[in-house]
Amino acid sequence: MVKPCKARAHVERDVKAFWPSATEDDAKPDGEDDYDLRNVLDSILKIHCTHSEPDFLIPWQRQHQSTSTSSGFVIEIGTEGGEKKRRVMTNAHSVDYGSIIQVQRRGQSEKYQARIEAQANECDLALLEVEDESFWEGLEPLNFGDLPMLQDEVEVLGYPTGGDSLSVTKGVVSRIELQEYTQATSFLLAMQIDAAINSGNSGGPVVNEDRKIVGVAFQGLEGAENIGYVVPVTVVQHFLEDIQRHGRYTGFCTFGISYYMLENASFRRSLGMKDGMSGVRIGSVDPTAASLNILQKNDVILEIDGISLGNDGKVPYRPGERVAMNCYLHTKFDGDFVSVKLLRDGEIFENVRVPVSIQRRLVPAHFQNQPPPYVVVAGLVFTVLSIPYLYAYDAWADYVSDKICYLLNHVDKPLEKSTDQMIVLTQVLAHPKNLGYDKLQDLHLKKINGKDVKSLQHFRQLLSDCQDEYIRLELAPDDYCIVLERASMDQITKEVCEEHFISKDYVTRIPQL
């Protein structure tokens with residue numbers, strides 16, 4: 001016989017013990033500090049991006065679409081007219097080749113469409129504009145703080161992988177020095193912290209104890225634990241000042257020189273340096289540098305703006321810290337001058353006014369979210385050598401071929417003229433009349449009928465102007481040669497493009513880099 005259970009006394013319990021309130025009224029903070037914290041956290045955003053990247057080896061096509069999530073935050077920037085406007089800051093790589101960019105607020109499900117207003121690949125930063133005014137309601141811009149000292153505690157705010165909600169990670173500043181920014185293979189000042197920066201953290205703010213921005217998370221160190229790199233606040237503010245001055249991002253300045261350290265005493269004496277002198281020797285000056293007619297090979301730079309330069313190429317930064325000379329030059333803007341103390345042929349020259357300028361390399365690191373340029377000629381596909389082209393081969397990780405090694409040797413070469421490009425035969429689309437050439441690829445196009453090829457546009461112009469019966473193309477390495485009949489080239493090109501669904505046989509427009 002089953003006995004009935006005794007009725008339990010009903011106990012009133014606060015439902016909040018099991019389920020917190022999500023309403024504004026019930027979630028009011030206890031004090032002003034909590035209120036400020038909530039405003040800061042609400043200004044940290046999740047960035048959703050659908051990437052549609054080009055195929056740099058098949059330049060008329062795009063790769064399969066991919067998606068990513070990253071972090072961003074609200075800031076306020078000035079305009080040329082003195083007005084203020086709110087924007088979302090994130091990493092450039094977070095929105096690279098983004099066909100759809102959406103921004104999501106903390107604790108909300110709605111996503112808002114955004115567009116790129118400015119992108120700086122060299123420092124891996126981007127500004128996003130959101131046109132929907134309802135998105136900005138209740139969002140307060142974060143304020144910038146000072147560059148932290150070593151061992152200062154910082155917090156990384158963002159949306160790393162492993163969850164959907166906002167994450168807060170604490171760490172300390174380990175070092176501040178020149179580092180490579182992988183987005184554009186550029187070298188700028190960077191801050192290292194001992195907090196891991198995982199996928200999804202990119203673009204999130206790094207704040208100090210006053211919850212002011214001291215940097216932007218942008219990359220980690222592969223194979224290492226709890227090492228993350230941050231774009232320091234000084235670089236972030238230079239990026240914003242650049243936009244305010246010029247209406248767009250222009251870049252970071254240098255002298256446009258190669259230089260060598262002078263740590264050997266015998267070498268220093270051979271240059272006429274006396275005891276107590278220190279500096280670096282100029283190896284070459286880039287042909288497009290603004291300093292070309294002022295600085296010379298074998299000049300010794302002793303000081304810049306009154307700051308002594310060490311034999312290791314570094315200058316004092318803060319007590320106990322030294323950074324590379326370029327870190328100081330990066331604080332300047334295009335057209336600025338630096339006062340330099342030089343030693344030339346044993347004679348010292350004081351207060352030499354040297355202009356700084358933005359220098360580009362022969363092999364570009366990016367095409368500013370534009371597809372790579374290309375030309376199809378009788379089935380031969382030519383494009384511009386670029387860092388993404390070499391990355392497509394994983395050229396730095398493994399040996400690919402002698403031809404790729406040859407191309408790699410040109411990566412750090414300066415431009416002779418601002419319009420110069422290095423043209424590469426990337427592949428040959430087979431046709432009955434180009435048989436024998438169909439296995440050629442990754443070759444440097446140097447000449448057409450004995451004339452040097454300077455750029456892709458120049459190549460098309462030389463083809464158009466040529467009246468010879470045959471077109472002779474000279475390529476490197478190994479002195480390859482291709483001969484085409486001019487009369488049949490256009491027909492072959494048309495047939496090949498139709499077969500491979502290539503809508504246009506050339507795209508030579510290069511964006512402003």
Side-chain angles (χ1 to χ4, degrees), residues 54-61 287-288 360-364 367 370-386 389 403 406-407 409-410 413-513:
D55 189 324
F56 291 91
L57 302 181
I58 311 175
W60 63 90
Q61 292 186 0
T288 58
R360 309 296 182 192
R361 313 308 288 176
L362 176 62
V363 180
F367 292 112
Q370 297 295 318
Y374 68 90
V375 171
V376 181
V377 179
L380 281 66
V381 182
F382 296 93
T383 188
V384 175
L385 180 65
S386 63
Y389 180 95
K403 291 176 285 188
Y406 168 86
L407 298 178
N409 287 333
H410 291 76
K413 288 193 173 182
L415 288 166
E416 294 292 332
K417 293 183 179 179
S418 61
T419 55
D420 284 354
Q421 297 169 334
M422 187 169 173
I423 309 307
V424 177
L425 172 64
T426 178
Q427 62 176 301
V428 178
L429 304 175
H431 185 276
K433 291 188 178 181
N434 65 24
L435 289 177
Y437 305 139
D438 50 304
K439 292 182 173 60
L440 298 180
Q441 63 181 42
D442 306 320
L443 293 170
H444 174 201
L445 176 63
K446 302 196 75 175
K447 296 178 182 288
I448 170 173
N449 286 9
K451 297 181 179 180
D452 292 336
V453 177
K454 299 295 187 181
S455 67
L456 207 57
Q457 186 64 46
H458 184 229
F459 175 48
R460 287 199 72 245
Q461 189 64 48
L462 290 174
L463 285 172
S464 177
D465 294 343
C466 183
Q467 299 300 315
D468 298 341
E469 182 178 359
Y470 295 100
I471 302 292
R472 180 186 176 90
L473 306 177
E474 298 176 40
L475 305 103
D478 300 328
D479 295 325
Y480 279 94
C481 183
I482 295 174
V483 177
L484 303 170
E485 291 186 13
R486 185 175 62 84
S488 61
M489 283 197 319
D490 289 346
Q491 183 60 32
I492 298 172
T493 301
K494 180 181 178 182
E495 292 174 5
V496 166
C497 288
E498 288 177 352
E499 180 181 354
H500 291 271
F501 305 102
I502 304 174
S503 60
K504 196 172 184 180
D505 62 5
Y506 70 92
V507 173
T508 58
R509 183 179 62 85
I510 303 295
Q512 179 68 40
L513 297 180

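Predicted model, so just to flag it, every value in this text is computed and none were measured.
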Which heavy atom in G379 sits nearest to a heavy atom in I492, and how many Å separate them? N-CG2, 4.4 Å
How would you list, by chain and number, every residue that makes a side-chain hydrogen bond (donor to acceptor under 3.5 Å, both in side chains) with T288, sequence neighbours excluded? Q359
Report yes if some heavy atom in the side chain of M489 is under 4.5 Å from a heavy atom in the side chain of E485; otherwise report no. no
May I ask you to decide if L57's main-chain N or O and Q427's side chain share a donor-acceptor pair within less than 3.5 Å? yes
K446: partners by side-chain contact (heavy atoms from CB on, under 4.5 Å), with sequence neighbours left out: Y406, H444, A476
Closest non-hydrogen contact found for S455 with I423 is C-CD1, 3.7 Å
So do C481 and L473 actually touch side chain to side chain, heavy atoms under 4.5 Å? no
Heavy-atom check, side chain of V424 versus side chain of L445, under 4.5 Å: no
Inter- and intrachain pairs under ring-ring contact (aromatic ring centres under 6.0 Å, His included), touching residues 479-504, at least two apart: none
Applying ring-ring contact (aromatic ring centres under 6.0 Å, His included) to F382 and not counting sequence neighbours gives F459
Is the closest side-chain heavy-atom distance between Q441 and K403 below 4.5 Å? yes
Any side-chain heavy atom of I482 within less than 4.5 Å of one from L425? yes
side-chain hydrogen bond (donor to acceptor under 3.5 Å, both in side chains) filter on K447, not counting sequence neighbours, yields D452
Other residues, nucleotides and ligands only: do more than 12 of their heavy atoms fall within 6.0 Å of CG on D438? yes
Quick one: list whatever passes side-chain contact (heavy atoms from CB on, under 4.5 Å) with N409, sequence neighbours left out. none
Minimal heavy-atom distance between V363 and H410, with the atoms involved, is CG2-O, 3.4 Å
Cation over ring, K504 on Y506, under 6.0 Å and within 45°? yes
Would you give me the side-chain donor-acceptor pairs under 3.5 Å for residues 465-472, sequence neighbours excluded?
| unit_1 | atom_1 | unit_2 | atom_2 | d |
| --- | --- | --- | --- | --- |
| D465 | OD1 | Q461 | NE2 | 3.0 |
| D465 | OD2 | Q461 | NE2 | 3.3 |
| D468 | OD2 | N449 | ND2 | 3.0 |

Test side-chain contact (heavy atoms from CB on, under 4.5 Å) applied to S386 - qualifying residues, sequence neighbours left out: F56, P364, F367, P388, Y389
Short question: side chain of N434, backbone of V428 - any donor-acceptor pair under 3.5 Å? no
Do R361 and P414 have side chains that approach each other closer than 4.5 Å (heavy atoms only, starting at C-beta)? yes
Considering residues at least two apart in sequence or located in another chain, which fulfil the side-chain contact (heavy atoms from CB on, under 4.5 Å) criterion with K417? T419, D420
Are the side chains of M422 and L407 in contact, using a 4.5 Å heavy-atom criterion? yes
Nearest heavy atoms of S488 and K433, plus distance in Å: CB-NZ, 4.3 Å
Not counting sequence neighbours, which residues clear side-chain hydrogen bond (donor to acceptor under 3.5 Å, both in side chains) with R486? List them please. none
Are any of the side-chain heavy atoms of L443 and P477 separated by less than 4.5 Å? yes
Under the side-chain hydrogen bond (donor to acceptor under 3.5 Å, both in side chains) test, which residues partner E495, sequence neighbours left out? H431, Q491
